[in-house]
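Start at 1 with the first residue, then count along the sequence.
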Amino acid sequence: MNHISTEQQGATDADLVLYGGNILDVRTGNLLENHSVLVADGTIQAIVPSTAEPRGAQVIDVSGMTVLPGLIDSHSHVMQVSGNFVDLQEWSPYYVGARAAGVLGDMLQRGFTTVRDMGGADAGIARAVNEGLIVGPAIKFGGPIFAPTGGHALTVVCDGEVEIRRALRKEFRDGADHIKLTVSGGVISKMRMEALGFSEAELRVAVDEANLAQRYIAAHAYTAEAVNRALVCGIRSIEHGNFLDERSIELFLEHDAFYVPTLATFAYLTREENWSSLPVEKQRKLSGVLESGLDSLDRAHRAGVKIAYGTDLHGEGHSWQLAEFQLRAKVIDPLALIQQATINGAELLNLTGQVGEVAAGHHADLLVVDANPLMDISAITADEHRRIVVAGGRVVRYRQH
């Protein structure tokens, strides 16, 4: 059988057939061996036994390979195309957009077919991808990041309940899927990491506005105190959360909230060539952050907290997007890791039933690897193992050998 066939005799209804693969059920970890995925109009139509060679469609033989859902990065920054934030403030937005097209294309090649942008992307870049003007993963965007006066870097400053309502209403009107607030300091900001951003009244107002718009609030938070305040106020998604305490775990479970660690960005920043160029105060902030993040991730996972895959990378650091798998693999088993980057991400993004599974009726966003990722997560992270990526029913990566 040829790897790709376009013969039209005996045409089927499928535009694309991935023939003879092992289909991973990400909910159970079961592999459905020697089955084919039939795709039409950008949607998975059926999964059928590979008993005969299908004809009349683009057919790719994936015998012996593993077919996964496309991956979801739930904390990305597709418009932060430089690691130097001065560049981002000074560069033309048209130039930034052009560079973002390259960032998005690279994400797709890594197998990420959906991303949640956590600061910078807007309806324009999401529309460009949706219309095929830019080749990249589908984007769930939140517009700018919001912080109080004196808060985190690269944000829109917003103080007081009235300002917050006004600002959030504008973003939701313009199509934002979520809003991110900075409720503590961070590694890159002048604000002390242990400092708290926004009053509880302001946080509750933001949550109220999101509820009115049928959307949700995410929070940049590092310390347990900041995390716990956010969860008590109804914030649905905690980003980073490197210093959780036992109360944090209880509150995640009580409020059915999501935890999105971003270990890759700390691993990237602490590489020797990056570390040595950081100001001393930022080196102090970074010290121990990765180790604490791994410990918090381990405890949250063992307690049953809902965890999604996120990276928080910028500029050249985007190339470390798959490193998050390797870092989490120190404390998380491969199936749970894959779930974090598929069904958990889909639930967080309110896309359950649309993405995150290889199942009929879902978007045809697929990743094919030539090894079993349940045995070794490098089947996903190693470039040579990622053979095929399908986004919206279209083959965007095809590596024969």
Side-chain angles (χ1 to χ4, degrees), residues 15-16 37 39-45 58 68-81 93-145 170-180 210 213-216 218 237 308-311 313 318 321 341-343 345-367 388-398:
D15 302 322
L16 170 68
V37 181
V39 173
D41 298 323
T43 302
I44 298 173
Q45 300 298 312
Q58 182 185 30
L68 306 155
L71 305 175
I72 301 169
D73 187 337
S74 294
H75 190 123
S76 66
H77 289 283
V78 303
M79 306 304 292
Q80 292 188 8
V81 295
Y94 304 105
Y95 178 64
V96 171
R99 291 188 61 151
V103 169
L104 288 162
D106 289 345
M107 288 182 173
L108 205 55
Q109 291 298 304
R110 297 184 198 107
F112 291 92
T113 53
T114 304
V115 297
R116 183 179 66 149
D117 187 87
M118 297 307 289
D122 63 8
I125 192 76
R127 179 179 178 182
V129 171
N130 187 53
E131 293 181 0
L133 303 176
I134 294 174
V135 178
I139 301 171
K140 298 288 270 186
F141 65 92
I145 305 167
K170 176 184 179 300
E171 295 304 322
F172 288 133
R173 177 204 66 189
D174 292 343
D177 296 294
H178 55 269
I179 295 292
K180 186 172 84 173
Q214 303 294 306
R215 296 294 185 264
Y216 67 93
S237 170
Y309 185 99
T311 56
L313 294 160
H318 283 300
Q321 192 175 25
T342 54
I343 52 174
E347 184 182 355
L348 170 57
L349 275 59
N350 295 315
L351 292 174
T352 297
Q354 300 177 56
V355 301
E357 297 182 70
V358 184
H362 285 61
H363 297 328
D365 294 339
L366 303 162
L367 170 62
I388 297 164
V389 177
V390 179
R394 188 161 69 93
V395 178
V396 294
R397 175 187 175 97
Y398 179 61

Begin with the C-alpha distance, continue with both residues' side-chain angles, and end with the deciding distance and a verdict on side chain to side chain contact (heavy atoms under 4.5 Å, CB included) for Asp15 and Asp41. CA-CA 7 Å; Asp15 302 322; Asp41 298 323; 4.1 Å; yes
Could you walk me through whether Val135 and Leu108 pass the side chain to side chain contact (heavy atoms under 4.5 Å, CB included) test, one step at a time? CA-CA 8 Å; Val135 178; Leu108 205 55; 3.6 Å; yes
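Considering every non-hydrogen atom in both Ile388 and Tyr398, the closest pair reads CG1-CD1, 3.7 Å. In terms of heavy atoms, Gly70 sits closest to Thr113 at CA-OG1, 3.3 Å. In terms of heavy atoms, Asp73 sits closest to His75 at OD1-N, 3.0 Å. The two residues Gly356 and Ala346 have their closest heavy-atom pair at CA-CB, 4.4 Å. Residues Pro69 and Thr342 share a closest heavy-atom pair of CG-CG2, 4.0 Å. Closest of all the heavy-atom pairs between Leu351 and Lys140 is CD2-NZ, 4.1 Å.
With a 4.5 Å cut-off on side-chain heavy atoms, Asp177 and Leu349 do not count as touching. Residues Met79 and Val96 are in side-chain contact: their nearest non-hydrogen atoms beyond the backbone lie under 4.5 Å apart. When side chains are defined from C-beta on, Asp106 does not count as touching Gln321, because their heavy atoms never get closer than 4.5 Å. Within the 4.5 Å cutoff, side-chain heavy atoms of Ile44 are placed close to those of Leu366. The side-chain heavy atoms of Ile125 and Leu104, taken from C-beta on, include a pair separated by under 4.5 Å. Leu348 has its side chain within reach of Tyr216: a pair of non-hydrogen atoms, C-beta onward, lies under 4.5 Å apart.
Just one residue in the list Val115, Ile134, Thr114, Asn130 forms a side chain to side chain contact (heavy atoms under 4.5 Å, CB included) with Ile139, and that residue is Val115. For the side chain to side chain contact (heavy atoms under 4.5 Å, CB included) with Val37, the lone residue among Val390, Val358, Leu16 that qualifies is Val358.
A distance of 4.0 Å separates NE2 of His362 from CD of Glu357, quoted to the nearest 0.5 Å. From Thr311, atom OG1 reaches atom NE2 of His318 across 8.0 Å, with rounding to the nearest 0.5 Å. For the atom pair Phe141 CZ and Asp122 CG, the distance stands at 6.5 Å (nearest 0.5 Å). Rounding to the nearest 0.5 Å places OH of Tyr309 at 11.5 Å from OG of Ser76. In this structure, the separation between CD1 on Ile179 and CD1 on Ile145 is 10.5 Å, given to the nearest 0.5 Å. For the atom pair CZ of Arg397 and CZ of Arg110, the computed distance is 10.5 Å after rounding to the nearest 0.5 Å.
Every side-chain hydrogen bond (donor to acceptor under 3.5 Å, both in side chains) that Ser237 has, sequence neighbours left out, goes to Arg116, Glu239. Asp174 meets the side-chain hydrogen bond (donor to acceptor under 3.5 Å, both in side chains) test with Lys170; sequence neighbours excluded. Under the rule for a side-chain hydrogen bond (donor to acceptor under 3.5 Å, both in side chains), the partners of Arg127 that lie at least two apart in sequence or sit in another chain are Glu131.
Remark: side-chain polar atoms of His178 are paired, donor with acceptor, to backbone N or O of Asp117 under 3.5 angstrom. Side-chain atoms of His77 come within 3.5 Å of backbone atoms of Gly119 as a donor-acceptor pair (strictly under, hydrogens ignored). Between the side chain of Glu171 and the backbone N or O of Ala176 there is no donor-acceptor pair closer than 3.5 Å.
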